[in-house]
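Read the numbers this way: they start at 1 and go in the same order the structure lists the ligands and their atoms.
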Amino acid sequence: MDYISTRNKNLSTSCVSAIVNGISKDGGLFVPSSFPMISNGEIEKLIELDYPERAAYILEKFLTPDFSYDELLSYTQEAYSRFDGDPCPVVKLDDQTFVMELWHGPTSAFKDMALTVLPHLLAASRKKLGETGRTLILVATSGDTGKAALEGFKDVEGTDVIVFYPSDGVSPMQKMQMMTQEGDNVYVCGIKGNFDDAQNAVKRIFADNEIALKLKELGYKLSSANSINWGRLAPQIAYYISSYCDLVSAEEIENGDKVNFVVPSGNFGNILAGYYAMRMGLPINRLICASNMNNVLTDFFNTGNYDIKREFYKTMSPSMDILISSNLERLLFELSGRDDKFVENKMTELKEKGFYTIDKKEIESVLPMFYAGSADEEYTKDTISYYFDDEDESYLFDPHTAVAMSVYDDYYDETDDTTPTVIVSTASPYKFPVDVYSAVSGKSIDDAYKATDMLEEISAQPIPEPLRNLKNRKTRFDKVIDKKDIESEVISYAMKRN
Ligand SMILES: *Cc1c(COP(=O)(O)O)cnc(C)c1O
C-alpha cells in the first residue's frame, strides 16, 4: 500500500517512509492510496481470533508489503500484553447501548491502543529504510497523548521523546503522570498557552528546514507521535472492527447488521479511524461526533463552517479542548472526492483567516453518515451522575466519555434511531477523579489523590494500578516555558544529549 499527501496526490510514498516522516513535506497528511476492504466472511474469521491477532490482520491490509502479518503480530502481541486483560472489552449498558472501553493500557487512556504499537512500527520502519541516526519524537498533547507516547517510547533504542503540554490545561493526574515520567530518553515541558499553541509550534518545527538541518547536524531526525502520523491512526481502525466482532459473537447483532459509534472527539483522529473502518466495508449506520463546549466540529458538521475565531474553554474533558482538529483534513480529502487542491485551499484559508466554509451541497452525499453534537459542563456532570445512580446498569463514565453519552442521548431523543450503538470510552474515570467525584457525590474535593480514594470507596471500580502508584513517584520535570520558546527548547535538548 502506498501513501499520498492530502495536499498533493502525486506525492506518493511507501508506508515505512510515511511512518518515519510523520507528515508530508508539503504540510499535508499521509493517507492510503486506496482503502482495503473487509468482507463479512473475514469478520466471521476474525471473531475466532484474539485482539492482537485481529489488530495484526487489519494492520497488514494497510501496511503490506512493507510488513508481514507475523511481524505485525509480534508487535501487537507485545503492545497489548501491557494491557490489563482484554485491550478493548465491550460492556453492555442496555439492549441497544454498549460501551467499548479503550483505557485498560499503561496510561489509562485510549491513546495507549496506538501508542504501544507505534514504537514498534517506527523502529522497524527506520530499520527497513536503513536509517542510522536518532529519531526525535515531538509531541504536543492535550493531556493523554503525551503520557502514552512517553510510556510507549521510553528507553526505546534510537529514539528520544519531547512532550509539550499546556501547563494550566490538563488534569492534575495527567500532569503528575507526565512530570514523574521515567526513562533516559524523555523530556517533558509545560507551556504557557493552550493545546493549539503547542500543536502549532510542533507543526511549525516540522515544516522548518533550518531546524531540520540543525537537528541533522546533531544526528537527529524528527518524527511525530501525534495522530497526524499514520502509524498512530492505523492501529485505531482495528478496535472498531474488533468491537463489531464482539457484538456478533455475543449475538447482540447479526453479521451484516449496522451499528452506530459515538466518539468523544478533539483532534478527530479516533472518529476518523471509525470512518476508515466504514470505508473498508464495516457496516456502520452513523458516526456520531461528540464535542465539549469547544464545539467547533459540531458547528462544522451542522453548517459547513469551520471557524476557530471563538472563545476557548477549559473544560473537565481537557483532552478535547481543541479548536484545530488536525485530522479533519483527512476527512475533507475524502469528502471532496480526494481533491488535493480543494484541501490545500481550505487549509491555507484556515491558516490565514482562521476559518473556512464548505458548500454543504458539494459534499452532502457523504455527510449524512455523520451526526454531530456537543455537551456543556453541566450536562456532562449530570450524565456522569445519572448513569452512576442508574439502578439496573450503574456505570461510571469519565468526563470525555460522558460527553459522548450526553450527545448520544440527544441523538436518540431527536431521531428515535434504534440501531445498536457503541459508545467509545476513551479514559478511565480515575484520570479525572476531582470532577468525577464531584459529579457523583455533589461534594468537592480539590486534592486529586483524596478524590481518587473517595471515588474508589463509593464505586465498584478499582483504581488502575499505574494511577494508584502515582503519588509515590518523584517529580522529574517541572519546567514551564513561553510558547515562543518551544523551538529553542527542542534544539537545546538535542544539544544536551550530544
Ligand atoms: C485524545 C482524547 C480524545 C480525543 O480524541 P481525538 O482522536 O483527538 O479526537 C478524547 N478523549 C480522551 C480521553 C482523549 O485522550
Inset, instruction - Please work out whether the ring planes of Tyr306 and Tyr356 are parallel, tilted or perpendicular, with thresholds of 30° and 60°. - result: parallel
Legend entry - Phe110 N/O to ligand 1 N/O under 3.5 Å: no
Legend entry - Non-hydrogen atom of Trp103 closer than 4.0 Å to ligand 1: no
Legend entry - Distance filter under 4.0 Å to Ala427 heavy atoms, resulting ligand 1 atoms: 13 (C)
Inset, instruction - State whether Arg279 and Glu334 are salt-bridged, where the test is any N-O pair (Lys NZ or Arg NE/NH1/NH2 against Asp/Glu carboxylate O) under 4.0 Å. - result: yes
Legend entry - Within 6.0 angstrom of Lys450 NZ, more than 12 heavy atoms from elsewhere: no
Inset, instruction - Provide the closest heavy-atom pair for Pro166 versus Gly193 in the form atom of the first, atom of the second, distance. - result: CB-O, 3.2 Å
Inset, instruction - Could you check atom 7 (O) of ligand 1 against the protein and tell me its nearest heavy-atom contact, residue, atom and distance included? - result: Asn270 N, 2.8 Å
Legend entry - Chi angles and distances behind the side-chain contact (heavy atoms from CB on, under 4.5 Å) call for Cys15, Trp230: CA-CA 8 Å; Cys15 107; Trp230 180 251; 5.6 Å; no
Legend entry - Ser265 to ligand 1, any heavy atom closer than 4.0 Å: yes
Legend entry - Nitrogen or oxygen atoms of Asn267 and ligand 1 under 3.5 Å apart: yes
Legend entry - Within 6.0 Å of OH in Tyr386, more than 12 heavy atoms from elsewhere: no
Inset, instruction - Indicate, as side chain, backbone, both or neither, the part of Met320 found under 4.0 angstrom from ligand 1 when only non-hydrogen atoms are considered. - result: side chain
Inset, instruction - Would you tell me whether Asn294 and Asp321 have side-chain atoms, one donor and one acceptor, within less than 3.5 Å of each other? - result: yes
Inset, instruction - Please could you name the atoms of ligand 1 that Gly269 approaches to less than 4.0 Å, counting only its heavy atoms? - result: 6 (P), 7 (O), 9 (O)
Inset, instruction - Compute the shortest N/O to N/O distance between Asp144 and ligand 1 and return yes if it is under 3.5 Å, no if not. - result: yes
Inset, instruction - Quick one: look up the protein heavy atom nearest atom 9 (O) of ligand 1 and list residue, atom name and how far away it is. - result: Gly266 N, 2.8 Å
Inset, instruction - Considering non-hydrogen atoms only, spot the tightest contact between Ile19 and Ser223 and give its length. - result: O-OG, 3.6 Å
Inset, instruction - Give the residue and atom name of whichever protein heavy atom lies nearest to atom 10 (C) of ligand 1, and the separation in Å to one decimal. - result: Pro264 O, 3.5 Å
Legend entry - Thr145-ligand 1 polar pair, N/O distance under 3.5 Å: no
Inset, instruction - Could you list which atoms of ligand 1 come closer than 4.0 Å to a heavy atom of Lys111? - result: 1 (C), 2 (C), 3 (C), 14 (C), 15 (O)
Inset, instruction - Identify the protein heavy atom lying closest to atom 12 (C) of ligand 1, giving its residue, its atom name and the separation to 0.1 Å. - result: Thr426 OG1, 3.4 Å
Inset, instruction - Would you check if there is a donor-acceptor pair between the side chains of Asn267 and Asn226 at a distance under 3.5 Å? - result: no
